[in-house]
Amino acid sequence: KENVMGRLNNKVAIITGAAGGQGKVEAKLFAQEGAKVIATDLNDTLLAETVAEINAELGSESVIGFKHNIATESDWNDVIAKAVEAFGAVDILINNAAVPGKTREDVWDIDAEETTRILNVNITGTLLGIKAVMPHMKKSSTGSIVNISSAAGLVGGISGGSVAYSSTKGALRAITKEIALDVAKVGIRVNTVYPGLINTPIMRAFSEETTAAVLAKIPMGFAAEPEDIAYGVLFLASDESRFVTGTDIIIDGGYTAQ
Ligand SMILES: NC(=O)c1ccc[n+]([C@@H]2O[C@H](COP(=O)([O-])OP(=O)(O)OC[C@H]3O[C@@H](n4cnc5c(N)ncnc54)[C@H](O)[C@@H]3O)[C@@H](O)[C@H]2O)c1
């Protein structure tokens, strides 16, 4: 259905990690707001179900699924080629895919191989995405990139304990600011969203004790639903935020205000 008042009309968005959790909700919200969406994920079975479900619910073909490992540069080139072939441009990139670390990793448990794996997906994967969309955004002198970090990138004690995971989320802050300055003159914006605890599979994989401990520290007293985060991402993706770049939106129920 044509959404005449959509906040993302005529925009083409790539959303990574969109098979489930938060990325799925963003894909649906973006499509509802008039965007054409390339939803990508490593898990192509779940992704296919998700894409079919969203398109059926919206009665449109606004979302296309594409299998994609964000840590592989050639995969990014394939995703961009697909977006341009299907929809003619790339206006928005949501770097949402990430891998969690072990839920309890004390400093003495740090494992070099495991750390490298997490850094490679969460940091290198994000950088490769930004690099891949750049030529297309430069060509149209417009673009919005949103990196999904975590409150765990700002303060300790929220990730369930993975130092490696938290380091990758902290790195996104520097990536956002460095690249935002590089491309501001070209009309491309780069921002970070820091979700607190969200009710998604990552959270449900936490032990009951961890979830209860984190919940007890959230001033608002509950975990976010993915929609609560997706609305912040939508604002940054849309032209409503045309003067917002290199900055942070923290959506955490007050967790990091303490
Ligand atoms: N759930 C939370 O409480 C929470 C809190 C703060 C931040 N976040 C962040 O929000 C984002 C979304 O998380 P979620 O909770 O929806 O988790 P999720 O696990 O449901 O979604 C992550 C998706 O990324 C995909 N993925 C993993 N590795 C990939 C790769 N190499 N290439 C492509 N896709 C890959 C997974 O298959 C999965 O579908 C992540 O960046 C996460 O770190 C989550």
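In each ligand, atom 1 is the first atom listed, and ligand 1 is the first ligand listed.
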| Over 12 foreign heavy atoms within 6.0 Å of CD, Glu227 | yes

| query | Mind checking whether Gly196 has a heavy atom under 4.0 Å from ligand 1? | reply | yes

| remark: Ranked by distance from atom 21 (O) of ligand 1, the top protein heavy atom is Gly17 O, 4.3 Å

| remark: the protein heavy atom lying closest to atom 19 (O) of ligand 1 turns out to be Ile202 CG1, 3.5 Å

| Atom indices of ligand 1 within 4.0 angstrom of Ile198 heavy atoms, with elements | 1 (N), 2 (C), 3 (O), 4 (C), 5 (C), 44 (C)

| field | Crowding at CG, Asn77 (>12 non-hydrogen neighbours, <6.0 Å) | value | yes

| said: Taking 4.0 angstrom as the limit and counting only heavy atoms of Ser150, give me the atoms of ligand 1 inside it, by number and element. | reply: 6 (C), 7 (C)

| Within-cut-off N or O pair, Ile70 and ligand 1, under 3.5 Å | yes

| Is it the side chain, the backbone, both or neither of Thr200 that has a heavy atom closer than 4.0 Å to ligand 1? | side chain

| message | Let's go through Leu29 and Tyr231 carefully: what are the C-alpha distance in whole Å and the side-chain angles of both, what is the deciding distance for side-chain contact (heavy atoms from CB on, under 4.5 Å) to 0.1 Å, and is it a yes or a no? | response | CA-CA 8 Å; Leu29 180 63; Tyr231 278 112; 3.9 Å; yes

| field | Carboxylate-amine/guanidinium proximity below 4.0 Å for Lys131 and Glu73 | value | yes

| remark: Note: Ile130 and Leu93 closest approach over all heavy atoms is N-CD2, 3.9 Å

| message | Heavy-atom contact check, 4.0 Å cutoff: does Thr16 meet ligand 1? | response | no

| request: Could you tell me the residue and atom name of the protein heavy atom closest to atom 22 (C) of ligand 1, and the distance to it rounded to 0.1 Å? | output: Ala98 O, 4.0 Å

| said: What I'd like to find out is whether the side chain of Ile249 reaches to under 4.5 Å of the side chain of Asn191, using heavy atoms alone. | reply: no

| said: Students should be able to answer this: which protein heavy-atom is nearest to atom 35 (C) of ligand 1, and at what distance? | reply: Ala97 CB, 3.7 Å

| query | For atom 16 (O) of ligand 1, which candidate among Lys67, Gln22, Lys24 holds the nearest heavy atom? | reply | Gln22

| message | Within the 4.0 Å heavy-atom shell around His68, which atoms of ligand 1 are there? | response | 32 (N), 33 (C)

| Interfacing atoms of ligand 1 (cut-off 4.0 Å, heavy-atom, Ile148) | 9 (C), 10 (O), 11 (C), 41 (O)

| message | Just to be sure I read this right, does ligand 1 sit under 4.0 Å from the backbone of Val121, its side chain, both, or neither, counting only heavy atoms? | response | side chain

| query | Can you find a non-hydrogen atom of Ser149 under 4.0 Å from ligand 1? | reply | yes

| Which of the atoms of ligand 1 are close to Asn69, meaning less than 4.0 Å from one of its heavy atoms? | 30 (C), 31 (N), 32 (N)

| said: Once rounded to the nearest 0.5 Å, what's the spacing between atom NZ of Lys36 and atom CG of Leu8? | reply: 12.0 Å

| said: Counting only heavy atoms, tell me which of Asn147, Asn43, Asp41, Val79 gets closest to atom 37 (O) of ligand 1. | reply: Asp41

| field | Approximate separation, where rounding is to 0.5 Å, of Asp252 CG and Ile218 CD1 | value | 8.0 Å

| Reported CD1-to-OG distance for the pair Ile123 and Ser167, which is rounded to 0.5 angstrom | 7.0 Å

| Does atom CD of Glu208 have more than 12 heavy-atom neighbours, drawn from other residues, nucleotides or ligands, at distances under 6.0 Å? | no

| message | So if I count the atoms of ligand 1 from 1 in the order they appear, which ones are less than 4.0 Å from some heavy atom of Gly21? | response | 16 (O), 20 (O)

| With hydrophobic residues grouped by side-chain heavy-atom distances under 4.5 Å, do Leu58 and Leu234 end up in a single group? | yes

| note | Rounding to 0.5 Å, atoms CG (Leu42) and OG1 (Thr72) come to a distance of 8.5 Å

| field | For ligand 1, the portion of Tyr165 having any non-hydrogen atom under 4.0 Å away | value | side chain

| Which residue and non-hydrogen atom of the protein lie closest to atom 34 (N) of ligand 1, and at what distance in Å? | Leu42 N, 3.4 Å

| Option of least heavy-atom distance to atom 41 (O) of ligand 1 (set: Val99, Asn96, Thr50) | Asn96

| note | Between Asn147 and the options Thr192, Asn122, Thr176, Asp248, the side chain to side chain donor-acceptor pair (under 3.5 Å) test singles out Thr176

| Of all the heavy atoms in Lys169, does at least one lie under 4.0 Å from an atom in ligand 1? | yes

